[in-house]
Number of protein chains: 2
Amino acid sequence: MTSRPSAELITNTAVTADLVVLTIQEQRLRVLLVERSLEPFRGQWALPGGFVLPDEDLAAAAERELVEETGLTHPARHLEQLGTYGAPGRDPRGRVVTVAYLALLADLPTPRAGTDAADAGWFDLTATPELAFDHGDILDDGLERARAKLEYTTLATSFLAEEFALSDLRAVYETVWGGDLDPANFRRKVLATDGFVEPTGLVADPPQRGRPAQLYRRGPASTLAPPILRPEGTRS
Amino acid sequence: MTSRPSAELITNTAVTADLVVLTIQEQRLRVLLVERSLEPFRGQWALPGGFVLPDEDLAAAAERELVEETGLTHPARHLEQLGTYGAPGRDPRGRVVTVAYLALLADLPTPRAGTDAADAGWFDLTATPELAFDHGDILDDGLERARAKLEYTTLATSFLAEEFALSDLRAVYETVWGGDLDPANFRRKVLATDGFVEPTGLVADPPQRGRPAQLYRRGPASTLAPPILRPEGTRS
DNA sequence: ACAAAAGTGTTGCCCTTACACCCATGA
DNA sequence: TCATGGGTGTAAGGGCAACACTTTTGT
């Protein structure tokens, strides 16, 4: 930033914003992928994303791509910068640096869309196809970040709808980490963590069997606080 | 990444790598700043950094700038990507996206240098000048990251020389967080943390007064592990 | 002998874990 | 009334903070 004054020395580079969009469907962690309709890597699956516009902020570009690609109007439950990838050979078209973002979404009934991608869909993380560019690495980093952040933040609520039972919240942890958590201890821990959830006073619809649960909504702790319990041996 | 095929749509952007370089001198956390010798912000202090070269990886650019700016030949004790800043108006010359890196260094006797910066120097973090561009924000983020990472990694050793006493390591935490730590409990915690430090068998030079300490070196845990103790109320 | 820093022991408290138990509902 | 999941109680164990105490050095 301080050196190399002459404009000729400035490296002209394309900047893209790519997204690792995670959600939980049917007790499985899933990622949003799109099929490329153009070269390079035509026909191959990739992370959704696109070029940052000339006067657009990076986060705004990520949010825009997220809406375009998913059709979601609601703002993403959680969107954070994941990292920037700029190895010289990562895009055969030339120097392209991508700023990757991590998005966590509730499983709302808006699964797909598609502007210029041939197709789009949710993929089980245990069965993702080979990805274009270095998107495989980016996905791995995103997953690792998501798993880690559940541990010391209240982000797990980002995977849930407005109102949820504590068992829904527990299911998020169990899905992302694998393994079971003790319902009793989980409840105490969450309720003891300031700003994690707050009661709505409502009660869930009558379940198939068993006692209906109290409903909660997200608390004011956006991403702070030192909450959760993680069973031994679930640390990747 | 998937859309906007036509090359004309690609936003041409300059990419820089800027560095938040932290070290500890005289029980104070200090940051390396350079004085800009050119417009824009000529004469103002800024983070060290510069343009990423056409065929250079981002991390390589950061490392190169670090060497150029500090004259250090040793590889940085720790260098990690901090985040990417690309608000449209952040550089008056045009669209410049900067990838910021965080470096932690031991206080080796190589304080300054200067390739194309007018001057360079270490600044006490309680008394930093107004910085050029959005470098003030970047510095804040770097500081926050450094403080947080000491808590759940073994990175504190990055601030120390090859061999150090446990009291030196404790001083790092006390400096970065403020406040005192119990020497007895600190020792136990560090020694109980697998891969944090390993004994050299050597003993420190006779101090002015008091019993000389055993010397240790960094253990194999590069940045993992869940170590340290943080006194209540030191969380910014 | 004394001061000062390194290093060890010990105790009480709190948080977590594990699991027994009660509650509310549909069938 | 039984099965099922929601929710409360509680006792044992581990880890940590606090602090007393011992060791090793220079002066």
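So you know, we letter chains A, B, ... as the sequences are listed, proteins then strands, and number each from 1. In what follows, every heavy atom counts, from backbone to side chain, and hydrogens, waters and symmetry copies are set aside.
Remark on DNA chain C: of its neighbouring residues B:Ala184 and A:Val203, the 5'-side contact belongs to B:Ala184, judged by nearest-heavy-atom nucleotide.
Going from atom CG of A:Leu181 over to atom P of D:dG6 covers 14 Å, rounded to whole Å. Spacing between atom CZ of A:Phe186 and atom P of D:dG6 amounts to 12 Å, rounded to whole angstrom units. Following rounding to the nearest Å, B:Leu215 (CG) and D:dT25 (P) show an atom-to-atom distance of 13 Å. A:Lys189 has its NZ atom 12 Å from the C1' atom of C:dT17, to the nearest Å. In this structure, B:Gln214 atom CD and D:dT24 atom P are separated by 11 Å, rounded to whole Å. When the P atom of C:dG7 is taken as reference, atom CG of B:Asp168 falls 11 Å away, rounded to whole Å. Per the geometry, CG belonging to B:Asp182 stands 12 Å off C1' belonging to C:dT8, to the nearest Å. When the P atom of D:dA18 is taken as reference, atom CG of B:Asp180 falls 12 Å away, rounded to whole Å.
A sub-4.0 Å separation between OP1 or OP2 of D:dG5 and a side-chain N or O of A:Ser167 is absent. Listed pair B:Arg187 / C:dG7 meets the phosphate criterion, a side-chain N or O lying under 4.0 Å from OP1 or OP2.
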Heteroatom pairs (N/O) under 3.5 angstrom, protein to nucleotides 12-14 of chain D:
none

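By the salt bridge (charged side-chain N to carboxylate O under 4.0 Å, His left out) test, B:Asp124 pairs with B:Arg28, B:Arg30, sequence neighbours left out. In this structure B:Phe164 satisfies the ring pair (Phe, Tyr, Trp, His ring centres under 6.0 Å) test with no other residue, sequence neighbours excluded. With sequence neighbours excluded, the residues satisfying side chain to side chain contact (heavy atoms under 4.5 Å, CB included) with B:Arg170 are B:Ser167, B:Glu174, B:Leu181, B:Pro183, B:Phe186. Under the side chain to side chain contact (heavy atoms under 4.5 Å, CB included) criterion, B:Ala161 pairs with no residue, sequence neighbours left out. For the side-chain hydrogen bond (donor to acceptor under 3.5 Å, both in side chains) test, residues two or more places apart in sequence or in another chain that qualify with A:Gln27 are A:Thr175.
For A:Arg211, counting side-chain heavy atoms from C-beta on, the closest listed nucleotide (D:dG5, C:dA6, C:dA18) is D:dG5. Ranking D:dC19, D:dG9, D:dT25 by closeness to the B:Pro212 side chain, first place goes to D:dT25. The nucleotide whose nearest atom lies closest to any side-chain atom of A:Asn185 is, among D:dC19, C:dG7, C:dC19, C:dC19.
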Determine, stepwise, if the pair A:Glu80 / A:Arg145 fulfils salt bridge (Lys or Arg N to Asp or Glu O under 4.0 Å).
-> CA-CA 10 Å; A:Glu80 70 175 49; A:Arg145 172 88 133 255; 2.8 Å; yes
Please assess A:Leu104 against A:Thr23 for the test side-chain contact (heavy atoms from CB on, under 4.5 Å), listing each intermediate value before the final yes or no.
-> CA-CA 6 Å; A:Leu104 308 183; A:Thr23 195; over 6 Å; no
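Under 3.5 Å, the side chain of B:Arg188 and the base of D:dG15 form no donor-acceptor pair of N or O atoms.
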